[in-house]
Amino acid sequence: MIWAFELTLLVFLVVCALAALQVKDLIGSSIILGAFSFMLCLLWLGMGAVDVAFTEAAVGAGVSTVFFIATILHINRRSQD
C-alpha cells in the first residue's frame with residue numbers, strides 16, 4: 001500500500017478517536033465511531049487481511065453503530081454539561 005495513504009488513514013483514525021471523545025451528542029459520537037471503524041477496515045484491507053477487514057466492516061461499522069443508535073434513541077441524548 002502507498003505509505004502516504006496509510007499515513008492519511010492513521011491521521012484520520014486519530015482525529016476520529018479524539019472527535020468521538022469531544023462530541024457532546026451521543027448520536028454524533030456513535031456515528032464518528034462508525035467512521036473510525038470503517039477507516040480501520042480500510043487499514044486492515046491495505047495490510048492484506050481481507051477477512052479481518054470484512055469482519056470489521058460488518059460488525060464494527062455496521063452492527064455496532066446500529067446497536068449504539070438504537071440504544072441512544074431509547075435514552076436521553078444530551079449530556080448535562
Side-chain angles (χ1 to χ4, degrees):
M1 181 179 258
I2 301 170
W3 66 269
F5 183 66
E6 287 179 355
L7 184 64
T8 305
L9 277 177
L10 288 174
V11 168
F12 280 137
L13 281 172
V14 171
V15 167
C16 279
L18 293 174
L21 291 173
Q22 295 298 321
V23 171
K24 299 293 181 188
D25 187 31
L26 293 176
I27 286 195
S29 181
S30 62
I31 290 172
I32 292 172
L33 285 174
F36 175 87
S37 213
F38 181 72
M39 283 184 241
L40 192 60
C41 163
L42 292 177
L43 195 61
W44 286 121
L45 188 64
M47 290 183 202
V50 179
D51 53 342
V52 178
F54 181 73
T55 303
E56 181 70 29
V59 175
V63 176
S64 295
T65 304
V66 170
F67 283 157
F68 284 152
I69 291 175
T71 303
I72 290 168
L73 290 177
H74 292 327
I75 62 172
N76 188 9
R77 290 179 23 175
R78 297 282 176 183
S79 69
Q80 299 301 323
D81 296 353

Quiz item: Quick one: do Leu73 and Leu26 end up in the same hydrophobic cluster if we chain Ile, Leu, Val, Met, Phe, Trp and Tyr together by side-chain heavy atoms under 4.5 Å apart?
Solution: yes

Practice problem: With sequence neighbours excluded, tell me which residues meet side-chain hydrogen bond (donor to acceptor under 3.5 Å, both in side chains) with Ser37. | Solution: Glu56

Quiz item: Same cluster or not: are Val14 and Leu21 linked, directly or through other Ile, Leu, Val, Met, Phe, Trp or Tyr residues, by side-chain heavy atoms under 4.5 angstrom apart?
Solution: no

Quiz item: Taking the side chain from Ser30 and the backbone from Thr65, do they hold a donor-acceptor pair closer than 3.5 Å?
Solution: no

Quiz item: With a 4.5 Å limit on heavy-atom distance, are the side chains of Met39 and Leu43 in contact?
Solution: no

Quiz item: Same cluster for Met47 and Phe5 if Ile/Leu/Val/Met/Phe/Trp/Tyr side chains link at under 4.5 Å?
Solution: yes

Practice problem: To the nearest 0.5 Å, tell me how far Phe36 CZ sits from Leu18 CG. | Solution: 10.0 Å

Quiz prompt | For the student: nearest non-hydrogen atoms of Ala53 and Cys41, plus distance | solution = O-SG, 3.3 Å

Quiz item: Is there side-chain contact between Val23 and Ile31, with heavy atoms separated by less than 4.5 Å?
Solution: no

Practice problem: First locate atom OG1 of Thr8, then atom CH2 of Trp3, and finally report the distance between them rounded to the nearest 0.5 Å. | Solution: 8.5 Å

Exercise. Give a yes or no on whether Val52 and Phe38 share a hydrophobic cluster (residues Ile, Leu, Val, Met, Phe, Trp, Tyr; joining criterion: side-chain heavy atoms under 4.5 Å apart).
Key: yes

Quiz item: Going from CH2 on Trp44 to OG1 on Thr55, what distance comes out if it is rounded to the nearest 0.5 angstrom?
Solution: 11.0 Å

Exercise. Enter the distance from Asp25:CG to Ile32:CD1 here, rounded to the nearest 0.5 Å.
Key: 9.0 Å

Self-check item: Spacing of Leu33 atom CG and Leu40 atom CG [to the nearest 0.5 Å]
Solution: 11.5 Å

Exercise. Spell out, yes or no, whether Ile27 and Ile75 are grouped together once hydrophobic residues are joined by side-chain heavy atoms under 4.5 Å, including indirect joins.
Key: yes

